[in-house]
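As the structure is a computational prediction, the values presented were derived from the model and not from experiment. Order of the sequence lines sets the chain letters (A, B, ...), proteins ahead of strands, with each chain counted from 1.
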There are 2 protein chains.
Amino acid sequence: MIYADRMPVTVLLVDDEPLVRAGLRAVLEAQPDIEVVGEAADGAAVIPLVRQLRPDVVAMDVRMPLLDGIEATRAVLRTVADPPKIVVITTFENDEYVYEALRAGADGFLLKRARPAEIVHAVRLVAEGESLLFPAAVRELAGAHGRLRGNPDAVAALERAALTGREEEVLRLMARGLSNAEIAARLVVGTETVKSHVSSLLAKLGARDRTQAVITAYESGFVAPG
Amino acid sequence: MIYADRMPVTVLLVDDEPLVRAGLRAVLEAQPDIEVVGEAADGAAVIPLVRQLRPDVVAMDVRMPLLDGIEATRAVLRTVADPPKIVVITTFENDEYVYEALRAGADGFLLKRARPAEIVHAVRLVAEGESLLFPAAVRELAGAHGRLRGNPDAVAALERAALTGREEEVLRLMARGLSNAEIAARLVVGTETVKSHVSSLLAKLGARDRTQAVITAYESGFVAPG
DNA sequence: GATCGTCTCCCCCGTGCGGGGGAGCCGGGC
DNA sequence: GCCCGGCTCCCCCGCACGGGGGAGACGATC
């Protein structure tokens, strides 16, 4: 493929770790059709930079000290006219922050440990308006080709369930092995509240216990393995 | 099991955090058959200490200021005759440094948040040159530089676990959502037997409960969704 | 013969889990 | 205005789960 005859894709890097920024810059700058036009260490600095630099793509960490990637994404999309595409960067798969960011309007995400070629690919795709949303695209990117979308029964169970937002959050955390108390701490609510959500989602999913619920989550592709 | 009649296993601790060293020392010294013979705060100090103390096992942090665990591992294996076994210590699962260290010749790894019993277990097994560790399989996977079929940590956890045939059967049934009683019925054994297998397998996988074990099963590809 | 690991089963015991109920608060929709 | 769904928190309660032990039977290995 030849990209050199197109306008280069301009990218703004936003990550609190200089090391990560340097790595991304090295990877992306190695491409003739990609240009890193700026860097920021926190979400708070993003908006003025976006206004000034007008990048095609913002590669943004989700976890940052002052203003995280979720809020920054919302802020950019809310306040900037003709906003750039936003790719959120994360260390962990199954990072619930990522889902928040995607809900906030991000166009895709990538893992820090992805291979250079995958990162480049992701940036190009997003720049072209292709939005890499959830598992299927990720698996494709990750090269774990061939995996199915999910067990139809499990998918159906999840769709029928019509979980509320909070229930989905709880299920994601359950699927990462957290206990009720740990989930409560993470969501900053009482354990009784978590138990309430758990009971509710178990009933909706037709699961007898949390283990069966997590199985359904995996089988349906609601959470993605590796 | 009685260990006291054997020669004690001698251990050298290498970690830049004094707190971690203290914790490891406390855990290991509580065992009659394990003796902590020295400590170092950085990889750079390891080689002379290894020459002087001749420990059976070096428990080494991967991330250290001057000389990290990867380079230190290489250095020890390259320059010391009849080198000790090396266990790398890490805070994070999904730590690519760990895989680097394994490629460099480390014999195993453990998470800082592992339970004392697991840490002790790991040190003993490594000291015995036993199969706890990453046999060829993991090193191969790590060296294949490629994507694995699953989350590397989960794969590693399963490899390291070395589950018995029965334990694997039980894990598969757990991963299908069966309760202990149901598994017992399926395998035509008593529920106490199943509980015994479950406890054993949880310990080996480093899982706190059956849900975490099932997650590991999915993440590693031990059971496949869909 | 002695040792070891696996599989089997048993005990006690604490607790996290999940069921079943209820209740207050808030925002949106009728 | 009222009602309803979602989120929050509370109670009681039974039980499966998991940790801590131990022990006998069997086969493989040394």
| said: Of the listed nucleotides (D:dC7, D:dG19, C:dT8), which one gets closest to any side-chain atom of B:L202? | reply: D:dG19

| task | Rounded off to whole Å, could you give me the CG-to-P distance for the B:L201 and D:dG19 pair? | result | 10 Å

| query | A:N180 and side chain to side chain donor-acceptor pair (under 3.5 Å): which partner among A:R210, A:K195, A:E192, A:H197? | reply | A:R210

| For A:N180 and C:dT15, what is the distance between atoms CG and C1' respectively, to the nearest whole Å? | 12 Å

| Donor-acceptor pair, B:D61 side chain versus B:V14 backbone, under 3.5 Å? | no

| OP1 or OP2 of C:dC9 under 4.0 Å from side-chain N/O of B:T193 | yes

| Taking atom P of D:dC17 as reference, at what distance in whole Å does atom CZ of A:R208 sit? | 8 Å

| request: Ignoring the backbone of A:S199, work out which of D:dT8, C:dT8, C:dG19 is nearest its side chain. | output: C:dG19

| request: Could you state the atom-to-atom distance from CD of B:E192 to C1' of C:dT8 in whole Å? | output: 11 Å

| field | Gap between atoms NZ and P, on B:K195 and D:dG20 respectively (whole Å) | value | 13 Å

| said: Using side-chain heavy atoms (C-beta onward) and a distance below 4.5 Å, is A:R54 in contact with A:D82? | reply: yes

| query | Does the B:Q212 side chain pair with the main chain of B:R208, one donor and one acceptor, at a distance under 3.5 Å? | reply | yes

| note | To the nearest angstrom, the CZ-C1' distance between B:R166 and C:dC9 comes to 13 Å

| message | In this structure, how many angstroms lie between the P atom of C:dG19 and the NE2 atom of A:H197, rounded? | response | 15 Å

| query | Between B:T164 and C:dC7, is there a side-chain N or O to OP1/OP2 distance below 4.0 Å? | reply | yes

| note | Taking for B:V194 and for B:D209 the nucleotide of DNA chain C with the nearest heavy atom, the one nearer the 5' end belongs to B:V194

| field | Atom-to-atom span, CZ of B:R210 to P of C:dG16 - whole angstrom | value | 17 Å

| task | Evaluate the side-chain proximity of B:M174 to B:V194: yes if any heavy-atom separation is below 4.5 Å, no if none is. | result | no

| DNA chain D: A:G190 or B:V198, which has the more 5' nearest nucleotide? | A:G190

| What is the nucleic acid contact for A:S179, judged by heavy atoms within less than 4.0 Å: base, sugar-phosphate only, or nothing? | sugar-phosphate

